[in-house]
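Below is one structure, written out as structure tokens; comments come after it.
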2 protein chains.
Amino acid sequence: MRWSELESADCPIARALSILGDRWTLMIVRDCFFGVHRFEAFQANLGISRTILRDRLAHLVQAGILVQRPYQDRPVRYDYVLSAKGKALNGVMLMLGEWGRTAVDGQPETQIRHRHQTCGHVLTPYVACAACGEEVVAKDVRAVRAA
Amino acid sequence: MRWSELESADCPIARALSILGDRWTLMIVRDCFFGVHRFEAFQANLGISRTILRDRLAHLVQAGILVQRPYQDRPVRYDYVLSAKGKALNGVMLMLGEWGRTAVDGQPETQIRHRHQTCGHVLTPYVACAACGEEVVAKDVRAVRAA
DNA sequence: TTAAGTGCATTTAGTTTATGGACTGACTAT
DNA sequence: ATAGTCAGTCCATAAACTAAATGCACTTAA
């Protein structure tokens, strides 16, 4: 199966991964959440090859996750900022970071975390159910077809 | 930069993606959450080439996300089940699915969702803060270095 | 006791994608 | 003039992926 065939899959995870599931795309999105917006900054930060960066940015723009914004004329230059659809990835990024922090070995003392501005604490994120507000754990969910 | 160099990055997202950030790994993990455990089942389900499947399963085992469990002798055959570290990816998968469902176009009527067994509702997951219990939105978090 | 089937692993060859470095073009600042 | 900045392109090489075939250790049915 070719990867591109996943786009039309029934499964929302498959469709999400058809956009995000390669080696660099989510790293670029992460940088956007950290305030990186320009081509040269992504390139310097990630060490990605320029060809791939061009390609990935174009895909992210086409997917509606990033939008290009002109920041100067003569010559006109664009930077890349998260759209609403891109900002909606916040939850994914937080949970991915939390998994990386707690499940993957590393030097905890040098790790980046987040502060939750509204309560002032260092953030430990978890997934909750909108209906009951309780934490959702793997054993309590069952796949169903939507009505 | 070579992808493998990310493993030792300070950022937990980078470290998570050094394990999960390729085209098939998270699809395999998704299948595990849906109860798929055997080589032939992954292969039939995903249409992935056997060579890559072998490689990805080996990586997932080596990363401690899946564990091999013998399910027969003569010849001994193993299937693959999620370890605790793998089950910890539940939150990532739920948020990824929610993003795919709400942000990526598709036919909503055929989409798979989850039921939250403890309250009985179809699950709409969101990320909450362990300290205050409130929903965490992008504008309320700021990156900090951990103490 | 052959024949067909299961559940993989391995090999091969061809295609696709990624990489790193040099390069271009439009400007600005000195 | 000269150098620098910035987004982006081009190209040769390297790596990753695919599909299909083959091998192997067994089991079950004929």
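Protein chains get the first letters and strands the later ones, always in sequence-line order, with residue 1 at the start of each.
Between V29(B) and I65(B) the shortest heavy-atom distance is CG2-CG2, 4.4 Å.
Note: CG (L46(B)) to P (dT18(D)) measures 11 Å, nearest angstrom. The distance between atom CD1 of I48(B) and atom P of dC8(C), rounded to the nearest whole Å, is 14 Å. To the nearest angstrom, P of dC8(C) lies 7 Å from CZ of R38(B). The distance between atom CZ of F42(B) and atom C1' of dA9(C), rounded to the nearest whole Å, is 17 Å. If you measure from atom CG of D79(A) to atom P of dA7(D), you get 8 Å, rounded to the nearest angstrom. Between the CD1 atom of I28(B) and the P atom of dC17(D) there is a distance of 11 Å, rounded to whole Å. Computed from coordinates, the R23(B) CZ to dA16(D) P distance equals 13 Å when rounded to whole Å. Atoms CD (Q72(B)) and C1' (dA25(D)) sit 10 Å apart, rounded to a whole Å.
A 4.5 Å side-chain heavy-atom check between R30(A) and L46(A) finds at least one atom pair inside the cut-off. A heavy-atom distance below 4.5 Å is not found between the side chains of H121(A) and H114(A). For the pair L89(A) and F33(A), the minimum side-chain heavy-atom distance is below 4.5 Å. Residues R38(B) and Y71(B) form a side-chain contact, since some pair of their non-hydrogen atoms from C-beta on lies under 4.5 Å apart. Inter-residue side-chain proximity for C129(A) and P125(B) is flagged as unmet; no heavy-atom pair is nearer than 4.5 Å.
In this structure, I28(A) is a member of the same hydrophobic cluster as V61(A), with clusters built from ILVMFWY side-chain heavy atoms closer than 4.5 Å. Residue F39(A) is grouped with residue L26(A) when hydrophobic side chains (ILVMFWY) are merged at heavy-atom distances under 4.5 angstrom, including chains of intermediate members.
Side-chain atoms of R77(B) stay outside donor-acceptor range of the base of dC8(C), with no qualifying N/O pair under 3.5 Å.
Taking side-chain N and O atoms only, Y71(A) has a distance below 4.0 Å to OP1 or OP2 of dA7(D). For W24(A), a side-chain nitrogen or oxygen approaches OP1 or OP2 of dT19(C) to under 4.0 Å.
Proximity note for S49(A) (side chain, C-beta onward) versus dA25(D), dT19(C), dC27(C): the nearest is dT19(C). Among the nucleotides dG8(D), dG7(C), dC17(D), the one closest to any side-chain atom of Y80(A) is dG8(D). Closest approach to the E40(B) side chain among dC6(D), dG7(C), dA16(D) is made by dG7(C) (side chain taken as heavy atoms from C-beta onward).
Looking at residues 50-65 of chain A, you'll see R50(A), T51(A), R54(A) sit with a heavy atom under 4.0 Å from some atom of DNA chain D.
Five base pairs at each end of the helix from dT1(C)-dA30(D) to dT30(C)-dA1(D) define two local axes, and these are offset by 10° (rounded to 10°).
A salt bridge links R50(B) and E40(B); the closest N-O separation between the charged side-chain nitrogens and carboxylate oxygens is under 4.0 Å.
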